[in-house]
There are 2 protein chains.
Amino acid sequence: MKKSITLKELAKLLKVSVSTVSKALNDSHEISESTKRKVEEAAKLHNYKPNRAALNLKSGKTNTIGVVLPSIKNFFLARALRGIESVIANTDYNIIISITNESHEKEVKSVEALTNGMVDGLIISVSEETQVLQEFSHLNEIPDDIHVLMFDRVENSVQCDKVLVDDYDAILKAVRDLKFKGRNKIVLASTINKLSVGQLRTRGYIDGIKDQHEPILIEGPEDFVEVKMNRLLQEQEIEAIIALDEEASLASFRAGKKNGVLENGKVFLIGYAGKTMSEHLTPSLTTIDQHGKKVGRTSAKLLLERLKKPQRDIQQIVVDSTLRERDTTLKRS
Amino acid sequence: MKKSITLKELAKLLKVSVSTVSKALNDSHEISESTKRKVEEAAKLHNYKPNRAALNLKSGKTNTIGVVLPSIKNFFLARALRGIESVIANTDYNIIISITNESHEKEVKSVEALTNGMVDGLIISVSEETQVLQEFSHLNEIPDDIHVLMFDRVENSVQCDKVLVDDYDAILKAVRDLKFKGRNKIVLASTINKLSVGQLRTRGYIDGIKDQHEPILIEGPEDFVEVKMNRLLQEQEIEAIIALDEEASLASFRAGKKNGVLENGKVFLIGYAGKTMSEHLTPSLTTIDQHGKKVGRTSAKLLLERLKKPQRDIQQIVVDSTLRERDTTLKRS
DNA sequence: CTGTTAGCGCTTTCAA
DNA sequence: TTGAAAGCGCTAACAG
């Protein structure tokens, strides 16, 4: 690995002034072709790379967008990240990612680190802990000139652009779909009952089911959901399960298989999970596809637009999810 | 969101000099307690946050470690990332992540962006394209004072610390294990034949199998592996499959199920896949666990040590993988 | 066409 | 105990 070299050193080597070198490298019209060539050669030879910190300090811009995510195990967030990247890749912005692992403290640290001159804009989906604590001051303290966009797990009290998923409607539609298929006794499983999105989905279920029966909710950690679901399937004549996240989906799936009610279509199951996982389960899992990539792309585009036009009105975009029918909602003989 | 404020402005407000404010905020002994208090109050009130770019420029350090990964869909890399984070989280370093999506161009861009004054150190696993092109100049051009650590997909010609997985040995052991179980005719499936790690694993297979029969290799994209494997299972009496990556594992799994040879144990299958996926397949998949998290932790620790002692000799650490026996290597009636 | 200079926000001698 | 000034690497008026 070579040694890094500064403009000043380069200038000394070439026996010209720093500004000449700077201008030459920036292809300024006020520099002769011959010096430009000389400077460029020397720069290449010595592997000159402008110092980012200096550039940032000078310009007040960083040309970097920060992305703060609670997790990348979550397939939806992973896809959203790809969507964001695919858009940013076509710009001259860099992207830096920070994962909070659902920790509020890590989120605060990340946001502070990023917004103190590391990024021009921030795309964030908050951590579970942040939503539980309802503690958003770290977002409200972000300086004006750094633009923030929240997606998926958003918070109304924070004034910024937002990209959401139609959580309430998606589950409402799922319930209706099940009812249409003659499944009236439906149980809900969730490990994300502390998340805004989980609560919206649950509300969709409650509203959708209210004409049939009292809501049957199994909410808690994955193990808990599995145990409870197992018991429920033994004790009651459940006709369908809606699971609100991958963990609840898999827990429900295991419980269903254990009771042999999934293979024969006695109990239908609609869950949330990635494509690969859903298709490799036996029977394959019907899911609600939230179009993570589209959510990511939309978020990135929206932030980019705001970066261009800081004065624009705050926007909010909802991305619709769609039902992907697979074997767990298929009537068998 | 508030307005950001600089040291200078704060000084003006307090009618003291910039240096006094700076010292007070850094808790210097040469400032009186009373001014310290006043300054700190004002700083809090106006939500003062030191400008990172200025700090970096001044100190020549960034307190940030860059992590460049080819993908996060890959469960091993995702786990490695968590390992890295878990170590860095306990230091005062920040971490910024860049995903290259297996593209050489993106990798070059990322590395350049990061190493031009954004980070003090870099942890990288190179992209597939980079390994195919054998193009590593972007790594060799990184300035001396930025320390690099390669993990998993490493390149000998780059002088830096390295953390590897025992790819060759792991497969060699897997072959032996299968032979011990009486499975002699073994086929190898891989979608990563262009990666160094894939080639090492393949060599382990070839060396392990050489006393039994000519190697039977199915190498190519996921679809191709599935089709070929399907045909092979119909035409020959295969006793076991070793799949070198998640895609090949799933393709082999599908082909095996289609031929009904996995459920009855007629064909054994050892693959690479995450825990959740492996356990939810039916039958569940025996895998080689590469201990991604440990790889990540080891990498981060090693880099941190080098950051402390830049002069230390270059190190190379190998993390052993272990076989996780599940149903696809279980003898049935 | 080239050079001098000031300044981005901050820390840190050195002087007062 | 406080302040003035230099300088980190770079750009961009402004002079020459």
Side-chain angles (χ1 to χ4, degrees), chain A residues 3-40 42-43 46-64 112-113 115-120 143 145-146, chain B residues 3-40 42-43 46-64 112-113 115-120 143 145-146:
Chain A
K3 190 101 191 139
S4 60
I5 192 177
T6 69
L7 255 200
K8 200 200 255 182
E9 293 166 327
L10 208 54
K12 193 177 290 176
L13 279 168
L14 291 164
K15 298 179 205 298
V16 292
S17 78
V18 205
S19 52
T20 304
V21 180
S22 170
K23 286 172 190 163
L25 257 18
N26 289 315
D27 201 26
S28 160
H29 58 274
E30 40 181 272
I31 299 293
S32 74
E33 285 305 319
S34 65
T35 21
K36 266 187 201 169
R37 236 189 316 280
K38 257 186 256 168
V39 171
E40 270 156 19
H46 296 279
N47 191 33
Y48 169 77
K49 297 277 167 56
N51 177 306
R52 276 291 285 259
L55 247 32
N56 294 349
L57 178 56
K58 185 69 193 168
S59 68
K61 297 258 137 270
T62 63
N63 257 136
T64 302
E112 286 184 348
T115 55
N116 289 184
M118 291 207 80
V119 303
D120 298 338
D145 47 357
I146 293 180
Chain B
K3 189 103 191 137
S4 60
I5 192 177
T6 70
L7 256 200
K8 200 200 256 182
E9 293 167 324
L10 208 53
K12 192 176 292 175
L13 279 169
L14 290 164
K15 296 179 207 298
V16 292
S17 78
V18 203
S19 47
T20 303
V21 181
S22 170
K23 286 171 189 164
L25 257 18
N26 289 315
D27 201 26
S28 160
H29 59 274
E30 40 181 272
I31 299 292
S32 75
E33 286 304 319
S34 65
T35 22
K36 266 186 201 169
R37 237 189 315 281
K38 256 185 258 169
V39 170
E40 270 154 20
H46 295 280
N47 190 34
Y48 170 76
K49 296 277 166 57
N51 177 307
R52 276 291 286 258
L55 249 31
N56 294 350
L57 178 56
K58 186 67 195 170
S59 68
K61 298 257 136 273
T62 63
N63 257 134
T64 302
E112 287 184 349
T115 54
N116 289 183
M118 291 206 81
V119 304
D120 297 339
D145 47 357
I146 294 180

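Excluded from the calculations below are hydrogen atoms, water molecules and symmetry mates; all remaining heavy atoms, backbone and side chain alike, are included. Below, chains carry the letters A, B, ... as their sequence lines are ordered, and counting in each starts from 1.
A distance of 11.5 Å separates CD of A:E112 from CZ of B:R52, quoted to the nearest 0.5 Å. Distance CG/A:L25 to CD1/A:I31: 10.5 Å, rounded to 0.5 Å. The CG atom of A:D120 sits 8.0 Å away from atom CG of A:N56, with the distance rounded to the nearest 0.5 Å. Note that the CG atom of A:N63 and the CG atom of A:L55 stand 9.0 Å from one another [nearest 0.5 Å]. Distance check, rounded to the nearest 0.5 Å: NE2 of B:H46 to CG of B:L14 gives 7.5 Å. Note: A:K58 NZ to A:N51 CG = 14.0 Å, rounded to the nearest 0.5 Å.
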Nucleotides 11-16 of chain D: protein proximity per nucleotide (B base, S sugar-phosphate only, - neither; heavy atom, under 4.0 Å): BBBB--
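Nucleic acid contact class of B:T35 (heavy atoms, under 4.0 Å, all strands): sugar-phosphate only.
D:dA4 atom P lies 13 Å from atom NZ of B:K8, rounded to whole Å. D:dC10 atom C1' lies 11 Å from atom CG of A:N56, rounded to whole Å. With rounding to whole Å, A:E33 atom CD is found 8 Å from C:dC1 atom P. What separates CG of B:L25 from P of C:dG9 is a distance of 16 Å, to the nearest Å. Put simply, NZ on B:K15 is 13 Å from P on D:dG3, counting in whole angstrom units. C:dC8 atom P lies 21 Å from atom CZ of A:R52, rounded to whole Å. Atom P of nucleotide C:dG9 and atom NE2 of B:H46 are separated by 17 Å, given to the nearest angstrom.
Proximity of B:K61 to the phosphate of D:dC8: no side-chain N or O atom is located under 4.0 Å from OP1 or OP2. For C:dG9, the OP1/OP2 oxygens have no side-chain nitrogen or oxygen of B:K49 closer than 4.0 Å. Phosphate proximity of C:dC10 to B:S59: absent, as no side-chain N or O sits under 4.0 Å from OP1 or OP2.
Between A:I5 and A:Y48, the closest heavy-atom pair is O-CD1, 3.3 Å.
Computed from C1' positions of five pairs at each end, the angle between the two local axes of the helix from C:dC1-D:dG16 to C:dA16-D:dT1 equals 50°, rounded to 10 degrees.
Judged as a salt bridge (Lys or Arg N to Asp or Glu O under 4.0 Å), the pairs with a partner in residues 21-30 of chain B (not counting sequence neighbours) are, in order, B:K23-B:E30, B:D27-B:K36.
Heavy atoms of other residues, nucleotides or ligands lying less than 6.0 angstrom from NZ of A:K49 number more than 12.
Each of D:dT1, D:dG9, C:dC1 was ranked by its minimum atom distance to the side chain of A:A54; first place goes to D:dG9.
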